[in-house]
Amino acid sequence: MIPPIADTILDTIGRTPLVRLHKLTAGVIRAEVLAKLETFNPGNSIKDRMALKMIEDAERAGQLRPGGVIVEGTSGNTGMGLALAAVVKGYRCIFTTTDKQSKEKIDALRAFGADVIVCPTDVDPEDPRSYYSVASRLARDVPNAWKAGQYDNLSNTAAHYEQTGPEIWEQTGGRITHLVAGVGTGGTISGAGRFLKERNPAIKVWGIDTYGSVFKKYKETGVFDKHEIYPYVTEGIGEDFLPGNVDFSVIDHFEKVTDKDAALMTRRLTREEGIFGGNSAGAAMAGLLQLAPHVADDDVIVVIVHDHGSRYLGKMFNDDWMRAKGYLNKTGATARDLVAQRTDRRLVTVDCAEPVSRAIQVMAEHGYSHVPVTDAGRMVGSINETSLYDALVADASVRTQPVASLMQPAFPFVDISTSLEALATMITPDNPAVLVRDFACGETFIVTRADVIQALA
Ligand SMILES: Cc1ncc(COP(=O)(O)O)c(C=O)c1O
């Protein structure tokens, strides 16, 4: 059926296609796997649904008034939905985002006339520099501002309860047995999942999480563990706090997927099925394949494709970027071989609140030139010999200041299967070390320039 004339672009949101997968699951899962293509929304993501719902609920509640300013901390897709609606409805938008996000996503927001403020990724949500805090400050200080608050604004979940869930139910004729979706704010999975479970309580709802995020452990133990938090590459999913929109009672299981597996699957989804989905769709598909032993042949599984691949052309779809991250090269020596040679495998860190003198002592004791810096157990930065030396020469009293005052960016995390060649390309003057994570045993190791030289010699 050809859709009728839409009065505005906002009337084209929703009613997205559900497409059967054929090659990606072959030989692994015999069940019917269907991709819900949210890329068909006008902003190319599922977030158009909740953005419009949040705005219209705020208008009804008198929180967003004519000529108002929409403020939000957004990784791009929610911003796009808000910006689209703002253009049609006549609002101004100011967004804060993190320096981890694709440049394409930020440029797209600016294309809609939004102001975008880029904030550092590796700081606590409560830190005044975080994109959450900056958005809250703007919402307070800018006249006539309204903060959408996608994490805790329950209009987000409601949008998916009212639209995404019913669409999936109708499109599958009620046959759906499993819903698989990446979890960020939690709106998609909580809203669609709740609707579907109300229709059929036997439906299983599987949330896809990243390594570096708190969701899975919280679901399984009830413990909010800051030690689970560290920087990761996968975009759109996983969090370092518990958003109000994540309804843990709706989600039956969280499956964690590595950055590498998510990136590789993002490419496979495009090359094998012609579905140009984003990084969280890759994570969701990879998570589903990991869960294959829990799938029956007659199951009907719906996987959410949250956003469009075009937003990741500079990343997961770029061979140089994939190689630099160590995601493409699979042969030869790997980080595992380097780490295996260690006699002392413990990762030594300093806390950002400890004095610089403590960092000097730790480095001297172990003969290290680089040490990761933590904040309550969470990796937030690094400290190195060169910047320490420069600072001490300039002002010896720096020894009593907290490590945070000399902190450099955090070292990137890579999978333990990363090749030696890839490690070598990642270790540069700006980035003297990488953290190697063995996801199987949950251990983290540091690999520095000296380690790579030794391995290559
Ligand atoms: C690309 C992408 N995938 C997945 C998600 C997660 O969806 P939700 O926030 O509804 O949990 C987001 C949310 O920001 C996203 O941008």
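In this chain, residues are counted from 1 in sequence order. Read the numbers this way: they start at 1 and go in the same order the structure lists the ligands and their atoms.
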Inset, instruction - Could you pull out all residues at least two apart from Pro243 that satisfy side-chain contact (heavy atoms from CB on, under 4.5 Å)? - result: Tyr151, Phe215, Glu239, Phe241, Val246

Inset, instruction - Would you check whether Gly182 reaches within less than 4.0 Å of ligand 1, judged by its heavy atoms? - result: yes

Inset, instruction - Could you label the plane-to-plane angle of the Phe254 and Phe248 rings as parallel, tilted or perpendicular, counting under 30° as parallel and over 60° as perpendicular? - result: tilted

Legend entry - Heavy-atom gap Gln150 to ligand 1 smaller than 4.0 Å: no

Inset, instruction - Give the numbers and elements of all ligand 1 atoms closer than 4.0 Å to a heavy atom of Asp307. - result: 1 (C)

Legend entry - Under-4.0 Å salt bridge between Asp209 and Lys217: no

Inset, instruction - Could you tell me whether Glu167 and Arg49 have a side-chain N and a carboxylate O separated by less than 4.0 Å? - result: yes

Inset, instruction - Output the list of atoms in ligand 1 that are nearer than 4.0 Å to some heavy atom of Gly186, sorted by atom number. - result: 8 (P), 9 (O), 11 (O)

Inset, instruction - Report yes if some N/O of Thr188 lies less than 3.5 Å from some N/O of ligand 1; otherwise report no. - result: yes

Inset, instruction - Show which atoms of ligand 1 fall inside a sub-4.0 Å distance from at least one heavy-atom site of Asn77. - result: 1 (C), 2 (C), 15 (C), 16 (O)

Legend entry - Side chain, backbone, both or neither: Thr185 near ligand 1, heavy atoms under 4.0 Å: both

Legend entry - Test item, Tyr312 contacting ligand 1 (heavy atom, 4.0 angstrom): yes

Legend entry - Atom OH of Tyr211: over 12 foreign heavy atoms under 6.0 Å: yes

Inset, instruction - Record the part of Lys47 in heavy-atom contact with ligand 1 below 4.0 Å; permitted values are side chain, backbone, both and neither. - result: side chain

Inset, instruction - Can you sort out which atoms of ligand 1 are near Val183, meaning under 4.0 Å from one of its heavy atoms? - result: 11 (O)

Inset, instruction - Give a yes or no on whether Phe439 atom CZ has more than 12 heavy-atom contacts from other residues, nucleotides or ligands under 6.0 Å away. - result: yes

Legend entry - Check ion pair Lys256-Asp261 (N to O, under 4.0 angstrom): no

Inset, instruction - Would you mind listing which atoms of ligand 1 come within a distance below 4.0 Å of any non-hydrogen atom of Ser280? - result: 1 (C), 2 (C), 3 (N), 4 (C)

Inset, instruction - Return yes or no for this condition: an N or O of Asn156 is under 3.5 Å from an N or O of ligand 1. - result: no

Inset, instruction - Can you sort out the partners of Asp247 under salt bridge (charged side-chain N to carboxylate O under 4.0 Å, His left out), two or more places apart, ordered by chain and number? - result: Arg194

Legend entry - Ile237 contact mode with ligand 1 (heavy-atom cut-off under 4.0 Å): side chain

Inset, instruction - For a ring pair (Phe, Tyr, Trp, His ring centres under 6.0 Å) with Phe276, tell me which candidate from Phe317, Tyr312, Phe40 qualifies. - result: Phe317

